[in-house]
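Take a look at the structure set out below.
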Amino acid sequence: MLAGDLYLADDPEIAADALRSAVLTERFNATSAADPEARRAALAELLGELGEGAEIRPPLRVDYGHQIAVGPRTFVNFGAVFLDVARITIGADVQIGPNVQLLTPTHPIDPEPRRAKWEAAEPITIGDNVWLGGGAIVCPGVSIGENTVVGAGAVVTKDLPTNVVAVGNPARVIRKIGEGADGKPQAPSA
């Protein structure tokens with residue numbers, strides 16, 4: 001599974017890992033807003049890495065948690081779903097809107113191996129200072145370059161370069177950051 005190869009999810013070791021994350025996720029999601037230290041402690045135990053000043057608002061759903069790295073000062077709004085069968089790396093200063101999904105699992109296209117419950121996964125990488133609008137979905141194997149903005153509801157099926165705005169389903173680049181919709185440079189805002 002960790003190598004990205006096909007695997008069967010009913011393996012006892014994988015099931016134990018999933019139970020661990022379910023218990024820790026439940027604890028994190030139940031923490032009081034009046035107790036930020038307990039909330040952060042539960043999150044730090046759940047995730048592989050949690051950068052200084054990073055904030056994730058519950059509810060959060062994960063597969064395993066330990067394959068997720070969240071950079072410093074990153075903000076994740078309510079309702080995130082991070083399926084970390086493969087590694088999910090989120091850079092520094094990232095803004096993630098409500099109900100965003102980062103989905104690493106894949107399944108065979110051929111019906112027989114899919115019926116036999118084989119699956120695999122591909123990692124997701126989100127660069128520094130990215131903004132993922134509410135409801136965006138990032139598919140397996142995708143990397144998003146730094147400073148890129150992904151519009152609300154976009155479905156990102158392929159890598160996005162740095163410094164662009166992408167929208168739609170599937171997400172497509174509509175302009176570079178610093179350019180207007182006409183492709184001409186924008187004046188800096190005051």
> Ion pair present between Glu122 and Arg87, side-chain N to carboxylate O less than 4.0 angstrom?
Replying inline: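 So Glu122 does not pair with Arg87 through a salt bridge.
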>> Check Glu55 with Arg40, please: is the shortest side-chain N to carboxylate O separation under 4.0 Å?
In response: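 Looking at Arg40 and Glu55, the cut-off is not met.
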Which distance, rounded to the nearest 0.5 Å, do you find between the [atom1] of [X] and the [atom2] of [Y]?
X	Y	atom1	atom2	result
Lys117	His107	NZ	NE2	9.5 Å
Ile126	Phe82	CD1	CZ	8.5 Å
Leu43	Arg27	CG	CZ	11.5 Å
Glu45	Leu50	CD	CG	12.5 Å
Asp63	Asp17	CG	CG	10.0 Å
Glu146	Thr162	CD	OG1	6.0 Å

Has [X] got a side-chain atom pairing as donor or acceptor with [Y]'s backbone, closer than 3.5 angstrom?
X	Y	answer
Thr104	Ile124	no
Gln67	Val85	yes
Arg114	Pro108	yes
Thr89	Thr125	no
Thr148	Asn163	yes
Asp11	Ile14	yes
Thr25	Ser21	yes
Asp159	Ser143	yes
Arg39	Thr31	yes

> Is it the case that Asp84 and His66 place a side-chain donor and acceptor less than 3.5 Å from each other?
Replying inline: no
How close do [X] and [Y] get, heavy atom to heavy atom, and via which atoms?
X	Y	answer
Pro59	Asn29	CA-OD1, 3.2 Å
Ala86	Pro123	CB-N, 3.5 Å
Tyr64	Arg20	O-NH1, 3.3 Å
Ala116	Leu8	O-CD2, 3.4 Å
Gly91	Thr74	O-OG1, 2.7 Å
Val100	Gly135	CG2-N, 4.0 Å

>> My understanding is that only one of Val70, Ile68, Asn77 makes a side-chain contact (heavy atoms from CB on, under 4.5 Å) with Ile56; could you say which?
In response: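 Output: one option passes, namely Val70.
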> Below 4.5 Å, heavy atoms only, C-beta onward: do Thr106 and Pro140 meet side chain to side chain?
Replying inline: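 Side chain of Thr106 against side chain of Pro140, heavy atoms only: contact under 4.5 Å found.
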>> Between Leu132 and Leu102, does the side-chain contact (heavy atoms from CB on, under 4.5 Å) criterion hold? Intermediate values first, please.
In response: CA-CA 10 Å; Leu132 300 177; Leu102 306 180; 4.1 Å; yes
> Could you walk me through whether Leu60 and Leu46 pass the side-chain contact (heavy atoms from CB on, under 4.5 Å) check?
Replying inline: CA-CA 11 Å; Leu60 169 68; Leu46 173 63; 4.1 Å; yes
>> The test is side-chain contact (heavy atoms from CB on, under 4.5 Å); show your working for Val173 and Val165 and say whether it passes.
In response: CA-CA 6 Å; Val173 174; Val165 176; over 6 Å; no
> Given Asn147 and Val130, is the side-chain contact (heavy atoms from CB on, under 4.5 Å) satisfied, shown in steps?
Replying inline: CA-CA 5 Å; Asn147 302 319; Val130 166; over 6 Å; no
